[in-house]
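Working notes, structure below.
Only this structure's heavy atoms are used, side chains among them; waters, hydrogens and symmetry mates stay out. Model, not experiment: these values are computed from the prediction.
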Amino acid sequence: DRPNMTSRVGPRTANTNGTDFKPREKSEVRKLNWVHLLIWLLVAAQVIVSHFDLVSHDTVSIPYQWEYPYLLSLIPLLCSSLSLPNNNISYLVISMISAGLFSVAPLIYGGMEMFPVAQQLYRHGKAYRFIFGFSAVTVMYLIMVVAVQVHAWQIYYMKKLLDSWFDATQEKKKK
């Protein structure tokens, strides 16, 4: 049974009194923001390379449709990053809402968009788009698997931060 790390009561991790949960969650959001930025840069690189014909489409295929709205996932990333230094609840809320719209929704659409192509590859072994010799659908599904997890954890930790910041704000108002 795993102890609840954010609780002030119950079992605690060694070397902590349980009061350091807020910085730990902030730290997690920061780390996830860096991974999100890396994923965003990979998608942006494919879009840019393809649209400016920097390399042959045989080397880097044209992007799938879901990749364009996913580029807007930079908005929740920026809002999240802006919220952290000063515990800004407004930016954090905007980040959480826009993460659903610009991060998660394009990934769901992308999963559906690429599914027939993935089926074709699985059933017949035929790929029509490639990224550096690898099946584009395989590469993009791998990126999506990581991205879905990153965005889910981002939203989870942002919700935890929002709750703790809101509670702290309410405590200040009571005093």
Checklist line | Results of side-chain contact (heavy atoms from CB on, under 4.5 Å) for Ser90 - residues two or more places apart only | finding: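 Only Asn88 meet the side-chain contact (heavy atoms from CB on, under 4.5 Å) criterion with Ser90.
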Next item on the list: Mind checking side-chain contact (heavy atoms from CB on, under 4.5 Å) for Asp163 and listing every partner two or more places apart, or none if nothing turns up?
Entry: Lys159
Margin query: Suppose the criterion is side-chain hydrogen bond (donor to acceptor under 3.5 Å, both in side chains): which pairs have a residue in residues 98-126, not counting sequence neighbours?
Written below: Gln65-Tyr109
Next item on the list: Return each pair, listed once, that meets side-chain hydrogen bond (donor to acceptor under 3.5 Å, both in side chains) where at least one residue sits in residues 133-154; pairs must be two or more places apart or across chains.
Entry: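 Sorted pair list: Asn33-Gln154, His36-Gln154, Tyr70-His151, Ser135-Thr138, His151-Gln154.
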Which atom pair, heavy atoms only, marks the closest approach of [X] to [Y]?
X	Y	result
Arg129	Pro63	NH1-O, 3.6 Å
Pro106	Trp66	O-CB, 3.4 Å
Phe130	Asp58	CB-O, 3.8 Å
Lys26	Leu84	NZ-O, 2.9 Å

Checklist line | Whether Ser164 side chain and Leu161 backbone form a donor-acceptor pair below 3.5 Å | finding: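 It does hold such a pair.
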Notebook entry, point to check: Roughly how far apart are Glu28 CD and Tyr157 OH, rounded to 0.5 Å?
Noted result: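 With rounding to 0.5 Å, CD (Glu28) is 4.5 Å from OH (Tyr157).
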Note to self: Once rounded to the nearest 0.5 Å, what's the spacing between atom CG of Leu72 and atom CG of Leu77?
What the structure shows: 12.5 Å
Check: So which pairs with a foot in residues 59-77 pass salt bridge (charged side-chain N to carboxylate O under 4.0 Å, His left out), sequence neighbours left out?
Finding: none
Does some side-chain heavy atom of [Y] sit less than 4.5 Å from a side-chain heavy atom of [X]?
X	Y	value
Ile155	Val104	yes
Cys79	Leu92	no
Met114	Met144	yes

Count I, L, V, M, F, W, Y as connected when their side-chain heavy atoms are under 4.5 Å apart, and connections chain through other members. Are [X] and [Y] then in the same cluster?
X	Y	result
Val150	Trp34	yes
Leu142	Val137	no
Ile131	Ile62	no
Val55	Tyr128	no
Leu54	Val60	yes

Show me the side-chain donor-acceptor pairs of residues 38-50 shorter than 3.5 Å, one per line, residues at least two apart or across chains.
unit_1	atom_1	unit_2	atom_2	d
Trp40	NE1	Leu71	O	2.7
Gln46	NE2	Ser61	O	3.1

Check: Which ILVMFWY residues are connected to Leu82, directly or by a chain of links, through side-chain heavy atoms under 4.5 Å apart?
Finding: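 Listed partners: Tyr91.
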Checklist line | Pairs satisfying ring-ring contact (aromatic ring centres under 6.0 Å, His included), at least one member in residues 44-64, at least two apart | finding: His51-Tyr68
